[in-house]
Amino acid sequence: QVQLVESGGGLVQAGGSLRLSCAASGRTDRWYTMAWFRQAPGKEREFVAAINWTGGSIYYADSVKGRFTISRDNAKNTVYLQMNSLKPEDTAVYYCAADSSIVVQTALSQYDYWGQGTQVTVSS
């Protein structure tokens, strides 16, 4: 079992930046792929970014490429999402997820563990 706790959300103006963190605890000795998803009001949860254990394989949704950066610090069991040039359409609850596969997945259904989410609101 893995427990995930997100932090770092908040209210920011368009063009601003935020950094989300996701701290993992429990069975963190496995080579988990970590990802961020988001869910806007009235919409389905969607993939944002994912990173494998070594950090050598990273995927982004087209909507965030060039603006968001995912990274991880395995010594701290933490994954980050640096979000720059934020837009109002980035407003959503952001969720951290962990997948026990070493292959990076972008499908929501592949992820075994989820955090409770952190709200990001971007004002225009």
Side-chain angles (χ1 to χ4, degrees):
Q1 289 288 337
V2 175
Q3 293 77 44
L4 304 173
V5 179
E6 303 97 334
S7 61
L11 173 64
V12 64
Q13 289 188 330
S17 298
L18 283 174
R19 188 176 84 152
L20 306 183
S21 299
C22 173
S25 60
R27 185 81 185 271
T28 57
D29 59 322
R30 299 184 64 179
W31 289 35
Y32 288 105
T33 289
M34 301 295 294
W36 290 94
F37 288 78
R38 67 186 181 185
Q39 188 167 17
K43 294 187 177 181
E44 294 185 352
R45 195 170 299 188
E46 64 177 7
F47 171 77
V48 175
I51 185 170
N52 73 338
W53 173 261
T54 66
S57 182
I58 292 175
Y59 289 85
Y60 294 102
D62 288 343
S63 58
V64 306
K65 279 181 183 177
R67 300 188 298 122
F68 291 11
T69 301
I70 189 171
S71 62
R72 65 190 297 165
D73 184 337
N74 291 334
K76 296 182 179 179
N77 294 324
T78 301
V79 64
Y80 304 98
L81 186 68
Q82 178 66 45
M83 305 186 295
N84 298 329
S85 302
L86 282 161
K87 305 175 182 180
E89 51 263 44
D90 294 317
T91 295
V93 177
Y94 283 71
Y95 296 90
C96 177
D99 173 23
S100 57
S101 169
I102 62 173
V103 177
V104 176
Q105 307 278 359
T106 61
L108 182 151
S109 61
Q110 297 298 319
Y111 285 82
D112 304 309
Y113 304 103
W114 293 86
Q116 82 289 349
T118 185
Q119 176 71 47
V120 171
T121 303
V122 184
S123 64
S124 57

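Bear in mind the structure is a predicted one, so any value in this text is a computation, not a measurement. Each residue takes its place number in the sequence, starting with 1.
To the nearest 0.5 Å, atoms CG (Asp73) and OH (Tyr80) are separated by 5.0 Å. Distance check: Gln3 CD to Gln1 CD gives 6.5 Å after rounding to the nearest 0.5 Å. The CD atom of Gln82 sits 8.5 Å away from the CG atom of Leu18 when rounded to the nearest 0.5 Å.
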Requested in this report: Go through the steps to decide whether Phe68 and Leu86 satisfy the test side-chain contact (heavy atoms from CB on, under 4.5 Å), and finish with yes or no.
Outcome: CA-CA 9 Å; Phe68 291 11; Leu86 282 161; 3.8 Å; yes
**Report entry** side-chain contact (heavy atoms from CB on, under 4.5 Å) between Ile70 and Tyr59, intermediate numbers included
**Finding:** CA-CA 9 Å; Ile70 189 171; Tyr59 289 85; over 6 Å; no
Report task. Mind running side-chain contact (heavy atoms from CB on, under 4.5 Å) on Cys22 and Met34 for me, showing each step along the way? Result -> CA-CA 9 Å; Cys22 173; Met34 301 295 294; 4.3 Å; yes
Requested in this report: Kindly determine whether Lys76 and Ser21 satisfy side-chain contact (heavy atoms from CB on, under 4.5 Å), including the steps that lead there.
Outcome: CA-CA 11 Å; Lys76 296 182 179 179; Ser21 299; over 6 Å; no
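In this structure, Ala24 and Val2 approach most closely via the heavy-atom pair CB-CG1, 4.2 Å. Across Tyr32 and Ala98, no two heavy atoms sit closer than the pair CD2-CB, 4.3 Å. For the pair Leu4 and Cys96, the tightest heavy-atom approach, listed with the atom from each and the gap, is CD1-O, 3.7 Å. Across all non-hydrogen atoms, the minimal contact from Pro88 to Ala14 is CD-CB, 4.1 Å. Here the closest heavy-atom approach between residue Val104 and residue Ala50 is recorded as CG1-CB, 3.6 Å. In terms of heavy atoms, Val120 sits closest to Gly9 at CG2-CA, 4.1 Å.
Not a single salt bridge (Lys or Arg N to Asp or Glu O under 4.0 Å) links Lys43 to another residue, sequence neighbours left out. For Arg45, there are no salt bridge (Lys or Arg N to Asp or Glu O under 4.0 Å) partners, not counting sequence neighbours. Considering only residues two or more places apart in sequence or on other chains, Asp99 meets the salt bridge (Lys or Arg N to Asp or Glu O under 4.0 Å) condition with none of them.
The cluster map of Ile, Leu, Val, Met, Phe, Trp and Tyr, joined by side-chain heavy atoms under 4.5 Å apart, puts Trp36 and Ile58 in the same cluster. Residue Val12 is grouped with residue Val48 when hydrophobic side chains (ILVMFWY) are merged at heavy-atom distances under 4.5 angstrom, including chains of intermediate members.
A salt bridge between Lys87 and Asp90 is absent, with no side-chain N of the basic residue lying under 4.0 Å from a carboxylate O of the acidic one.
Screening residues 10-20 for side chain to side chain donor-acceptor pair (under 3.5 Å) gives Ser17-Asn84 as the qualifying pairs, with residues at least two apart or on separate chains. Screening residues 85-111 for ring-ring contact (aromatic ring centres under 6.0 Å, His included) gives Phe37-Tyr111 as the qualifying pairs, with residues at least two apart or on separate chains. Each side chain to side chain donor-acceptor pair (under 3.5 Å) pair with one or both residues in residues 114-124, not counting sequence neighbours, appears once here: Glu6-Gln116, Gln119-Thr121.
Inter-residue side-chain proximity for Arg38 and Val64 is flagged as met; some heavy-atom pair is nearer than 4.5 Å. Within the 4.5 Å cutoff, the side chain of Phe47 has no heavy atoms near those of the Gln105 side chain.
Not one N or O on the side chain of Arg72 forms a donor-acceptor pair closer than 3.5 Å with the backbone of Thr33. In this structure, Asn74 contributes its side chain and Asn77 its backbone to no donor-acceptor pair below 3.5 Å.
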